[in-house]
Each structure stands twice: as structure tokens, then as C-alpha cells.
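Predicted model, so just to flag it, every value in this text is computed and none were measured. Order of the sequence lines sets the chain letters (A, B, ...), proteins ahead of strands, with each chain counted from 1.
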Amino acid sequence: MRALGIILAGGNNNRMRELSNKRAIAAMPVAGSYRAIDFALSNMANSHIQKVAVLTQYNARSLNEHLSSSKWWDFGRKQGGLFVFTPTITKENSLWYQGTADAIYQNITFLKNSHEPYVVIASGDGIYKLDYNKVLEFHIAKRADITVVCTECKDQSEVERFGVLRMNDDCRIEEFEEKPIVSSYNTVSTGIYVIRRRQLIELLERTAQEGRHDFVNDILIRYKNLKRIYGYKIDSYWSNISTADAYYRTNMAFLDPEIRNYFFRQEPAVKTKIDDLPPAKYNAGAVVKNSLVASGCIINGTVENSVLFKDVFVGNNCVIKNSVILNDVYLGDNTHIENCIVESRDTIRAGSNYCANDGEVKIVVEKNERYVI
Amino acid sequence: MRALGIILAGGNNNRMRELSNKRAIAAMPVAGSYRAIDFALSNMANSHIQKVAVLTQYNARSLNEHLSSSKWWDFGRKQGGLFVFTPTITKENSLWYQGTADAIYQNITFLKNSHEPYVVIASGDGIYKLDYNKVLEFHIAKRADITVVCTECKDQSEVERFGVLRMNDDCRIEEFEEKPIVSSYNTVSTGIYVIRRRQLIELLERTAQEGRHDFVNDILIRYKNLKRIYGYKIDSYWSNISTADAYYRTNMAFLDPEIRNYFFRQEPAVKTKIDDLPPAKYNAGAVVKNSLVASGCIINGTVENSVLFKDVFVGNNCVIKNSVILNDVYLGDNTHIENCIVESRDTIRAGSNYCANDGEVKIVVEKNERYVI
Amino acid sequence: MMMKKEMIAMLLAGGQGSRLGVLTEKVAKPAVAFGGKYRIIDFPLSNCINSGIDTVGVLTQYQPLRLNTHIGIGIPWDLDRNEGGVTVLPPYEKSTNSEWYTGTANAIFQNLDYMEQYNPDYVLILSGDHIYKMDYEVMLDFHKANKADITIACMPVPIEEASRFGIMVTDETGRVTEFEEKPEKPSSNLASMGIYIFSWPVLKEALISLKDQSSCDFGKHILPYCKEKGQRLFAYEYNGYWKDVGTLGSYWEANMELIDIIPEFNLYEEFWKIYTRGDIIPPQYVSADAVTDRCLIGEGAEIYGEVHRSVIGPNVIIGKDCVIRDSIIMRNSVIGEGTVMDKAIIAEDVVIGRNVTLGCGEEAPNVLKPSVYAFGIATVGERSVIPDNVKIGKNTAISGVTVPEDYPEGMLKSGQNIKAKDGDKA
Amino acid sequence: MMMKKEMIAMLLAGGQGSRLGVLTEKVAKPAVAFGGKYRIIDFPLSNCINSGIDTVGVLTQYQPLRLNTHIGIGIPWDLDRNEGGVTVLPPYEKSTNSEWYTGTANAIFQNLDYMEQYNPDYVLILSGDHIYKMDYEVMLDFHKANKADITIACMPVPIEEASRFGIMVTDETGRVTEFEEKPEKPSSNLASMGIYIFSWPVLKEALISLKDQSSCDFGKHILPYCKEKGQRLFAYEYNGYWKDVGTLGSYWEANMELIDIIPEFNLYEEFWKIYTRGDIIPPQYVSADAVTDRCLIGEGAEIYGEVHRSVIGPNVIIGKDCVIRDSIIMRNSVIGEGTVMDKAIIAEDVVIGRNVTLGCGEEAPNVLKPSVYAFGIATVGERSVIPDNVKIGKNTAISGVTVPEDYPEGMLKSGQNIKAKDGDKA
């Protein structure tokens, strides 16, 4: 493909509540076996993009570790590869990334030294499958300066989390509002853009000169009427996990056989780093209903309508319902958990009780000493 | 080996003059085919250290690219690996590395999650071969808290660049001065330390609490009498390249057959990332005397007593003497260069003349448009 | 100029393992699936990397494709190295003579050049068909401490079974004074595990001296030759879990042992992981109607029926109203709704129809290979297809795409076999 | 579940290349050094990765060890992949029949399973013994545009040489209407380069249909069979540099052509790099007394003498007062002080004594293999040793560790050979 990829994975969001304390949103575990960034990365690889830069600065360690070996994604390396760019001090600059546009601007030599004519920019917190070549074809056909991938937001109350836009019949974007308080439209930006590389360099340099740093406000909205900005609408599954509620809902969505089939069975596959874990083990007394269970789990109790990530231990007589249990959690005997997200590496003491009302989501962060198993 | 490695590669130094504008000192090209950090890294690998963290923040891009594929160094990855740690924003901290101790402190979870009992700390700007196991044996035998690898500095005028120390007969360090203006001793620290991992964690946490950040001043010198700090003396070749003069001298040293033999032919080998360059090509008219020539060079003129790094093009009737020409330099026809270091990717116009007097070193940085070859 | 390696491993993975019947019809025994997601060869390979050995030659001969694909360039075991790493070593054509491997030692001999290039001090000889965890570095320390020429890993076996093994008699220092190959009256209960550390000059000299020995074998020729010469042979006693999964019965048993609450052979230990190629990623799904009672289930499986005391591989689909008991189902197999099986081994990529019954009826000895298809197990070879509504007895074997006509009166009686044509992959 | 690949390449690297004489005594032809630091196989392998093909099966048979070591896990070519990448495919034992590869198409047939697992749309067939740069992706575009079943890369040759090749006759659309294998009176000058793109179903069907053909070959059997069936065969005309280095003369010539100021075949182009295993790192050293006049010199070499119009491999040491002219010296060879050579080919790891003269005297046809050792070249096989002070004529061949007694009156006359015992590596 004649494009290079940039994944913006620096973000953090208070609405993730405690979940974002220890990692960037792009590093959040999703659907039992994945991390959020796997979806954007797999889309890049499956669209035959050979060269991808991941820009990150917040709690970069866990993301870095996840990406450390590009071999899982099979990006060519002689002719491209996977680059992780954290901020660095140079003669000219010694600031952190001050916004999405600035993050790319600080790595502008990567853009300048490339020869691919187009750039696909994606955020690391979207859960979706997309062949970016389709977007690029549209982009070229429309002779667009920037193409914004957008989708219909079904839930009006969710609209305010996103950039909201209105297109004309030719799909050219006529209005664009970032996170409006009220909006009469429900077409939202997915944070995926296609743009010509030289165009991007020019816009970034101009924006930096003006002391501006944000891709949406300072480029998309500011240049809305000066540049040909188009919207490419998708109607396949797309979800953004950047609030705790959305994160919970997205994980639960994988209990739906259609969504599971779409992501797990249909080509192209979503790739991730392989962990070396044994198969899940169900001991006598395990009762598991309508749940996803990742490898390495050992289950002795009851699990219903839940997603168990890797290496979860469920003690005897536990009852886990409507919950998302992240990696490497130890649940002591007789624990009762309902409507919760349990943070990874938690150790829950035997007999604990964490329940939220239906429709609410409680986040459990507990760091007790782990029993020796 | 029961140690993990830390390489401090964040440094910059004004005395490198223009050479440090575009890269960390650890990323400086050395001896035609290497980068400075290759020596510390190869020593780690050859001492069977399986897990190495490189700490860097200044112009980290070129270093990152050099290290991007750990496969050249064959560090085990399941049980270890090569980690590059640039600063990152976390919930607790959003500052750059403020000193050598702080750089390690900001990555203290790496130390805490490891199980190796010892840590070898090395700087990325030393050119030497050393089996760290020998130092570790000494460290254990002396029941030392910290062991500092030191060497005799032959040139008294150089002493002021280093930490200077005096040992008693048992090799315990009794005096330690960082970069003294005048010193009566000439035993200098090489910036290589061995220390127990738990000891290091404890010292780093205490130092951070006190708002101190420097490994030499705030740990070595401050704890000199409280802790058992020993000196392990080496008398094999050791050179630190952190001034332009020292850098020039170190490269020229490789014209000495003994030094070449020591580094190029004797086991263990120094490893580096492989570039895919064709053999050097000597056209009619090439006259090369007592020089090192790296792969990818094309030579049409005269080269004497010089070191040509990779991909250098020497035009017709050029005269290059006593000079160090870094990677990918284009020297137009009839150029005359003497006693210079020519910065990498320079393009020198035909007929140029850059000469310094003997005993001086001129740094040439020229960014002309390159002729299409 | 290769880097010198202190010890390299040579892993013999060429054997067919014919006592595993249809399971090894299309793959070599070391490539047979085990424990839900592993293959047998994962155990010695993981032992290597966990013991710090980063150079492994895998000698293949019989049906190596699956093994090649599985090993690939060694990424799962961290054996994808620029120097060393894992190398598959099949027989090859030479300018003078070209031959297949004729015996264990002959196979090693034909790869002298491979070993030579690493200039090792020690060579570890392994076989690819046992389930165990062993730290070869400790064995090497033992070898060095004894200044041994050859160290043979041995384990105590019940004296009444000793006559099935190569038996070592040692003096009080552990030095081997005698050995007996499958003795009628064993003088000791220390059985060789087929794991040897050789000092390299000793191995090289012996291989070259015995190069004209036909079917040259370690147990039969190399060890006696070396002992004859007065070299120092030592027995290294191992007391952990070690299982030869050479028969359908022992293979089935070893799988079932993993289901115990804390099994004797524990896959869940952090400090000695078993690595394998994990190409299937998604979590498994257990439906609202499913029962998962004492079982291991691999990635990507979907369970809609009942599973009791069974080992289910990755990507297996078990339909509604199935009842699976005491069975092993390998990766990618699909079990139709309403199927019931007791004590069956289903190989990879098998498709079983609806309302099939496996393992029913009385036991009867197998008519073709009574010693292979025994233990009451119904065995189905890889890529087989079984049509709806048939009944299959005990000690049976099925391979290929079977159709209702293959089952007279809808039944394959205990002790019978069907060998049908392969599907479109053949 | 392997990822589908659009096109995979199968690279035939099993040939001995016996017309290269002692150069291929210990290695297959694709493993022979070329151009200072490369091996012949680097060219098709680099073409693959530069053309975006990331799955390559390399079929080996004759003396594969060097090739195996060279390819390793494919790191230099970026072919170390978790899926796909480079796979070495030697012949292997099957449960029914086991045989060596008997012809080019037979070799591919024996690896049907390997190809099948990638479910490709197209298969590119390459041979491992040509020097050229070609974008196979452009050839594939041509194949698709023509809706071809088979596309054959061809190049125009002088009509007087056409009878040495397989010749294609095409209509105005490029479709092959006829072909002639080494015709006496060629009807065209379009010679097949032995590079084919097959649509996968076409290849598979042909291989299976002709599986009992003995020594099944692409040119002799597969192409005629497909044409007979009315399939669409197209000739893809290639006009770049392409050199078959099948004889010592053409091998020598192709090396020498690299020395031209801007050679027809340019290794220094950024956009189509040739990759190779670069295990030797240090820069080369040229001493104060050395002369380096029109030559290529590899990494780590040390030059103390004179070198004119020659190609010197990595790590070669050329002693003081040597005069090397019109010669090729491969990696790790050491040339003693005062040695003079004209038009010699020195293979790898050779040690030549002091004051030796190579390539002196009048030409004379070689007594054993006049057609192999010709062109006036003195050839020395790998790991050979030549003692001090001897003189060696033209059209000579030396292999093994020679001693002064091998040279009557200190001389090996033109046209003579010495085959001595190998050194300690044998």
C-alpha cells in the first residue's frame, strides 16, 4: 500500500477512572486476549501498510513491552517496520508532546524521510476492522485533502464524547464540532484520517509555527473551509473504549456470537503478542455460563455472563456475574463479584463482596498480598 | 550470569562540539563500522548478561534505530532481552531524567521485577572489552557494596574529565573526586559499576527522597565512607570518547595493528547492527595508504592515515589526510581535507578545502545539495 | 566464523511412533498434539531454552512437514537466533554417498558438520517423544563434576518393569559399571531415559569409528563401544515426572493426568514454562447451556455441550447436547450436536456428525492391531470425517472421510477399523 | 490456519553446478561466493523481498549445509517471519514413498503440501544460479493483465546463441505459440530464463497429472503439457542485466564486470539492494605500502600488497609484495607475502604460501576436464593449502591440502590438476 501509518497512542482520559492509572488507553486489555492497539495495528498490517509509527508518552512502558517484538505483527523491517516514538530531547526541543498534532510534528523527520505518498492516522483506542485501502481509494476519488472516517453514533448521549460532523451530499464535511455539549447530528469522527504526506507535513509545520498543537481543533476544524475535507462513513462495528462504561460495554459485546464471529473467525484476523500460557482449566465445581475465558485461567467456582482475561484464578464457591476480570487476577474462595471491572493483577481476599447495581459499573482495585498457590 | 545490565546512554557533552547536535554520544560512530554503545552492549552479551536496559533521552531516535532489532545482539528474549527506556509520563512523575541516578530511579520497577542478584552499570561512551564476570568475582570476593572499574590515565591533562580516585592496598576506595580541576592522582573511574540489585534499589530510593539525582556525586561520593566501595583496576585498552579530541584520537588508534587485532580479530567479537552495503570499490586513480575503509565506500582519490566510515564517496583528485570521515559523506572532486572530522551525511562541494593544523581537529558540518550520482 | 557454544543439543525427531496408530499416520510422533495446546516436541524444546541451551539441531525424517511448520524459525521457544537457534536437519545428498538416517547414532553422525561449526564442549542428545521437565544445566554440572565422558540420564523404575528398558548398574560414585539392554533378569532398576551428555571429542571419535556400523544406535553400539574403551560413563538419576507416551494407552493416561486438581505434571508453573506455537488467539467461549467439568480447554474453542474429564484442543467446537467424557479432542475438530463419546481420541481437523456415539458397547480386541488399538479407546485419525447417527465401538480406529456405507447397520463394532480415502487435502 | 499469500516463490537451489569444477565440490552452486561479499542465491532472494514476496521455499538437495547456514532463519533478507518467510525444503521421507528430487518439477511436486498451506493465487518458480535484478511484482502484473495461466520470463539473446536455450515463439500479444528446446534452427531469439509464474490451480493440476513422469522437468514436461491443454502461456520480456554464471569463464567475467566505473550491474543502487549474511563487521585496512587499483574489497580484509582489477572477499589477507591481477579471492583466504597471481579464482578458506606464482606459463587444455577448466584460469578449491615457492600454470585446478611433493620441480604445469586430501575439517 502506498501509505504509512501513524497510531496515536499517547492518550489518557479521566473518564477511564482508575483504569488509566497504570497504562495508556491503547494498552488496555480487550476481549480476553487482546490489547486495544492490536485492532488498529492489525488493520494496518492487513491493509499491507509496511511502516507504522506508534506515538506514545503516557505510561509508555506497558505499551512498549507489548509492542517490543514486531515479529507478532510481521511488519516488513528492511522496507519499513514498527516504530515506537516516545518524546526525546533534541537541540531544538525539550518538551513532551503537547497535543496530537505536536506529537506528529515532533517526529516530522520520520514523515520527511519516508517516500509513501499517503499517511493513515488512527487512534489506538478504537475497536474495529477496516481496510484502509478502501478509505484511500475514496480519498483519491474525491480528490480530498483530508478524509475523516466517521460512523453513525446510535446512542445520542454518547455523541458528546466525539467530534461530530455534518457532510453534504458529496460527503464533504461542512460542519465539525469537537465534543459538543449538545449536538443535533449523530455522525461522529472515529479518529481515523487519510491525508497526503506532503500535505500533512505542510499543515503540521504551519500549525507548529502558530504555536498550536491539536489535530482536531487546530487542523481539522481550523482548515475546514480552506481544505477539501471529506467524510468516509463506515457501518461495520466500531467502538471507542475511552470511558469506563464504554470499555465495559465493548468487552461485553464479545459475548454476542455475531461480534465474536466477526472479530475471531472472519478474515482478516486480529493479531496480538502471544503469551505462553497453558489451556484454561476447569476443576470439579466449576460452573461457567455464557462467558469468555482466556488461556491460563483456573476455575473452581461459578462464572456467568462475564469475560475472564488471561491467567485469572477463580476460587471455590466464587460467584462472578456480569463482570470483566482483567489479566492475572486472583479471586479467593467465596468471593462474590457482580457488575464490576476488576483491575489486572488484583488479589481479592477470600469472602470479599463487590457488587454494583445493574446498569452501573464498579471498578475494583485491590492489591492484597497474594496467597501462595 | 547472575546480573542484569544497565547502560547509561542519555548523555551529551558540549566538548563534543557540533558532533553532539544530532545524536547522543553513545550513538557516535566509531572505528569505521561501529557505534560507541556497541562496545558496552557486546561486553554485556559476551559476559552472558541476558537482560539489558539502555537509558536514553537526548536525541534518542538514532540510538533507538540502531538498537531497534535486538537480533544482532542475540539477547535472549523470553528470559530477558534488550530494553530501551526513554522517559515517560506516569501518574507519579512527569519530568525528564534529571541525572544518572534519577534515570535509573525512574525505571526502578524494572529493577524490582528482576530476580538477578547483581547489576552491572556501564556508560555508553566507553571503548573497551571487559568480561564483567571478572569484576563480579572481585566484587563478591571483596564483599563490596559497590565496585568501580577504574584505570590508569596516562595523560595527566585528561584526568580532569573523569572521576579520580585513590584506593588503599585492599583496593577499597578512600578518596573520590568528580572532575577535579587539579588532581595528584591519575586513577580514574571508567563509569562501570557492579552493585547488588537490592542495594541499588535502596540507595536510589533514599537518594530520590532527598531530591538528589546523580550517581557519582550523590551516591558514590556521598556514601564513600558508609559503604564498602572498591576499585577494580583494568589495564587493557580503554578510552572514553566524550570530547571531540578524544573521539578523534580513539578512531585514529584503530590504525594501530595491535589495537585493530585486539578489537577486530581476538575473541570475543564486538557486535553491531549489520548494514546492507556492498564491498568498498576502488576505481582507477584511487591511492589509499594506511587507512581504514568501511563497506559501501567508493574511492577515486587519495586517502592517507584516515578512517572512512560507511558509504563515503571520495571524488577524483581528492586528498584526504589524517581525517575521520563519518558515514555517508560525499566529497566532491578536488577536495582537500586534513586533520578534520567530517560529520555524517555531509556533502562537500567539489574543490573545497578544509585543513586544520597538525595537533588540531576541525569539525566539518556542511549540508549542500547532493549531486545526483 | 560461528560463535563457540558450550553445549548444543541434538534432538532426534525422526521416528514414526507406529504404536500410536492413526495418530502418526500423517505426522511424526514428536508432532502429535498433547495437553490441549502443545505438541510432544514442545517439552524437550522448552527444556532446552529453560536450561539456557540456545542451539538445537532437530533431526527429522518421517513426515516432517507438520514439524517444520510447528518449529518454523523457533520464535515460540526464543530460538530464532542469528547464530545458533533451532535448525531442522533432514537427511541430505552428499557428493559421495547419500542415505537416509539408519539409526539414532547414524543420524547424528550424518550431521557432524553441523555440530562442528559450533565447536561445542558438550553435546546433549535428546529424543522428541517424552513428556517431562528437566534442567539439562544441572545434568551438565553433574557431568563436569564427575569429569565424565558420557552422562546418561536414568530414572528408577519398578523392578518388575525394568526388563522393558536399558538398565544401568553403577558403583557408589554413580559410575556405570555395566549395562543391560532389556535384560530378562535386571540387576538394577535404573533405566536409561535416552538422554545423554557427551563430551564432544568422545562423541566425535565414537561416531567416526563406528561410521560403518549399520543402523548405528546409541544404546546398542555407541555406549558399549565407549565403555569398552574405558571411558567414564555416569548415570544421572532423575526423579521427576517422565512419561513415554509411546502407546495410545500411555498417551491417553498422560493427558488425563493433567486434569487432576494439582497434577503431578503441572503446566501452570511460572518458572519452567512450556512454550508452543500459539497461532490461535481468541478466548474460548462457554455457552449458557454448557457444562465444563474437570477439563482443559484450549484457545478459541466453543463449548455448547457437556464436557467431563477431557482435554479439548484450541478451536474445537463442541455442539449442543453433546456429552464428552474421558476423551481427548485435538485442535480444529468439530463435534456435531448430540454426539456422545466415552474414552475417545480425536485427532486434528476431524469432523464428526450429529448424534454419533463413540466408545459404546463391549470391549473386543482389535482385529488388525490388537496391541495398538487397545485400552478400550476409540481413535480417529486426523482430517477424518464421521457421518451423522453412526455408532462406534471400543478399540476401534477410523481414518479418512467415511460415509454411512462404511458403517454396516450404522455401526462400527468394537475392535473394527475403517481406513477410508483422505479428503481434499491429500 | 496459515495466512493466505497472494504469491509465494519456490527457489530451486539443489543443483551441483558441476561446470564450476572445484568451486562446487563442497557446496551447491547457489552457495558459491560472488562479487566480494555475496553468494549467488542472494540475488534471487533479494529480488523476492524487494518485490514484496515474503514467503520463499528453497529446495535444496546437494551439499545443503553451507546454504542452510547462509540462509539461517532469513534475517538478512527480512525473511524471518512468524508466518511464511524462508523455509529450506530438502527431500523427506513419506509414509508411502521416499525419494530424492529427480527433476525441477518433481522437486516442486514433492512439496505440494508446503505450497498448499499458504493457499496462494500464484506460484513463482525461480532458480538459484543467476545474477540479475528483477521486480517479480511487475511480472505478476503482466501475468494478471494477460489473464495468463503461465508467464515465462524471457530475454532476447543473439540469434547465433539461441540454440543453447529454450526458445519461445510468440504472437503479437506476447502469447507463446510454440517453443523449442535448444533448437538447431531457432525460430526466435527469445530465450527462457527459467523463471515462471504459474496460476496455482494450473501448476497443481499439472504436477499431479505428471507425477509419474520420471525426472519431471518444467521445460521438458510441464510447459508442453500445459500448452497441449490449450492453457494461456505468455512470454514476459526482460531486458536488464542477467547472467548465468554456470561456467568458470562466465563466473569470472561476471565478477570482473563489477569493477567498471559504473558497472552494468550496479550493486550501489539504493532502491534495489542486494542483501546477504554479513557476519564480518570490521572495516578493511589498506596499508601504507598497498596498491588498490580498480577492485572491490570486502569487510575486514587487510591489504599489504598490490591488487589490480580483482574482487577480494571479506577477511582476506593479502601479504606484502603480493601482486594480484584479474583474480577473484573469496572470504577468509590468506595469501602469503610475495605471491603473484594472474587470472586466478581462489575459493574460501584457502591458504597460499609465500612467493607462489599462479597463472604463469603458456595455456594448455586441461587434461581431465578441458571444458570445465578453461579460459586460462587457475582455480583453487575451498580449504585448499598451497605451499611456498611453487609455480602454477593456467587451466589448472587444485583442491585439498597440497605439499611441495605434489609439485614436481616446484611446478604444476598448465592444464594439470591436483586433488589432495582435505584438511582437518573433512
Side-chain angles (χ1 to χ4, degrees), chain A residues 29-34 38 42 69 71-72 74 251 254-257 259-261 263-265 269-300 302-313 316 328 373, chain C residues 34-38 42 46 49 72-73 75-78 80 258-263 266-270 273-304 307-317 331:
Chain A
V30 171
S33 307
Y34 304 87
D38 293 339
S42 296
S69 177
K71 60 190 164 194
W72 303 118
D74 261 349
N251 277 293
F254 281 82
L255 293 178
D256 177 339
I259 289 178
R260 224 162 49 233
N261 184 47
F263 283 103
F264 294 170
R265 306 247 167 223
V270 181
K271 297 176 183 187
T272 187
K273 182 178 176 184
I274 306 286
D275 280 313
D276 300 293
L277 295 172
K281 186 158 188 281
Y282 300 80
N283 288 328
V287 177
V288 180
K289 303 285 175 195
N290 188 38
S291 294
L292 284 170
V293 179
S295 48
C297 290
I298 300 180
I299 302 177
N300 296 284
T302 297
V303 177
E304 270 179 43
N305 306 321
S306 295
V307 180
L308 267 52
F309 284 67
K310 297 172 190 170
D311 253 348
V312 170
F313 179 90
N316 290 309
D328 198 18
I373 311 171
Chain C
F34 182 85
K37 69 181 283 189
Y38 305 94
D42 293 336
S46 301
I49 196 69
I73 59 171
I75 288 178
W77 304 272
D78 210 16
D80 52 316
L258 297 173
I259 298 168
D260 298 340
I261 286 259
I262 295 176
N266 191 352
L267 293 168
Y268 297 80
E269 286 170 339
E270 256 307 304
K273 278 194 176 180
I274 304 300
Y275 302 105
T276 188
R277 174 165 297 265
D279 48 356
I280 294 162
I281 300 162
Q284 56 201 256
Y285 176 72
V286 181
S287 86
D289 308 321
V291 173
T292 47
D293 162 37
R294 284 166 292 163
C295 50
L296 293 186
I297 304 182
E299 284 94 342
E302 306 213 351
I303 313 294
Y304 298 94
V307 181
H308 304 271
R309 294 180 309 277
S310 295
V311 175
I312 310 296
N315 254 6
V316 166
I317 298 175
R331 63 173 56 204

Between A/Val270 and chain C, with a heavy-atom cut-off of 4.5 Å, which part of the residue counts as in contact: side chain, backbone, both or neither? backbone
A/Tyr34 vs A/Phe264 aromatic rings, parallel, tilted or perpendicular, using cut-offs 30° and 60°? parallel
Need one label for A/Phe254: side chain, backbone, both or neither, based on atoms under 4.5 Å from any heavy atom in chain C. neither
Per-residue contact mode, C/Leu258 against chain A (heavy atom under 4.5 angstrom): backbone
Most heavy-atom pairs under 4.5 angstrom with chain C, which of A/Ala294, A/Gly285, A/Pro278? A/Pro278
What distance do C/Gln284 atom CD and C/Ile303 atom CD1 have between them, rounded to the nearest 0.5 Å? 7.0 Å
Heaviest contributor of heavy-atom pairs below 4.5 Å to chain A, chosen from C/Thr292, C/Ile274, C/Asp260, is C/Thr292
Taking only residues two or more places apart in sequence or in another chain, which ones pass side chain to side chain donor-acceptor pair (under 3.5 Å) with C/Asp293? C/His308
Heavy-atom pairs under 4.5 Å with chain A, option from C/Gly36, C/Gly313, C/Gly278 with the top count: C/Gly278
Identify which of A/Ser33, A/Pro257, A/Gly32 forms the greatest number of heavy-atom pairs closer than 4.5 Å to chain C. A/Ser33
When the 4.5 angstrom heavy-atom criterion is applied to A/Ile298 and chain C, the contacting part is side chain
Has the side chain of C/Ser46 got a donor or acceptor atom that lies under 3.5 Å from a matching backbone atom of C/Tyr275? yes
Go through the atoms of C/Ser287 and report whether side chain, backbone, both or neither lie under 4.5 Å from a heavy atom of chain A. backbone
A/Lys281 (side chain) donor-acceptor with C/Ile297 (main chain) under 3.5 angstrom: no
With a 4.5 angstrom heavy-atom cut-off, which part of C/Ile259 approaches chain A: side chain, backbone, both or neither? backbone
Contact class of C/Lys273 relative to chain A, heavy atoms under 4.5 angstrom: side chain
Selection from A/Leu308, A/Asn283, A/Leu292, A/Asp275 maximising heavy-atom pairs under 4.5 Å formed with chain C: A/Leu292
Would C/Arg294 pass as a cation-pi partner of A/Tyr282, given that its NZ or CZ must be under 6.0 Å from the six-membered ring centre and within 45 degrees of the axis? no
Assess the side chains of C/Tyr285 and A/Asn290: does a donor N or O sit below 3.5 Å from an acceptor N or O? yes
Of all of A/Ser291, A/Ala286, A/Ala284, which one pairs up most often with chain C through heavy atoms under 4.5 Å apart? A/Ser291
For the pair A/Asp328 and A/Lys310, find out whether any cationic side-chain nitrogen is under 4.0 Å from an anionic carboxylate oxygen. no
Only counting residues at least two apart or in another chain, list the ones meeting side chain to side chain donor-acceptor pair (under 3.5 Å) with A/Ser295. C/Glu299
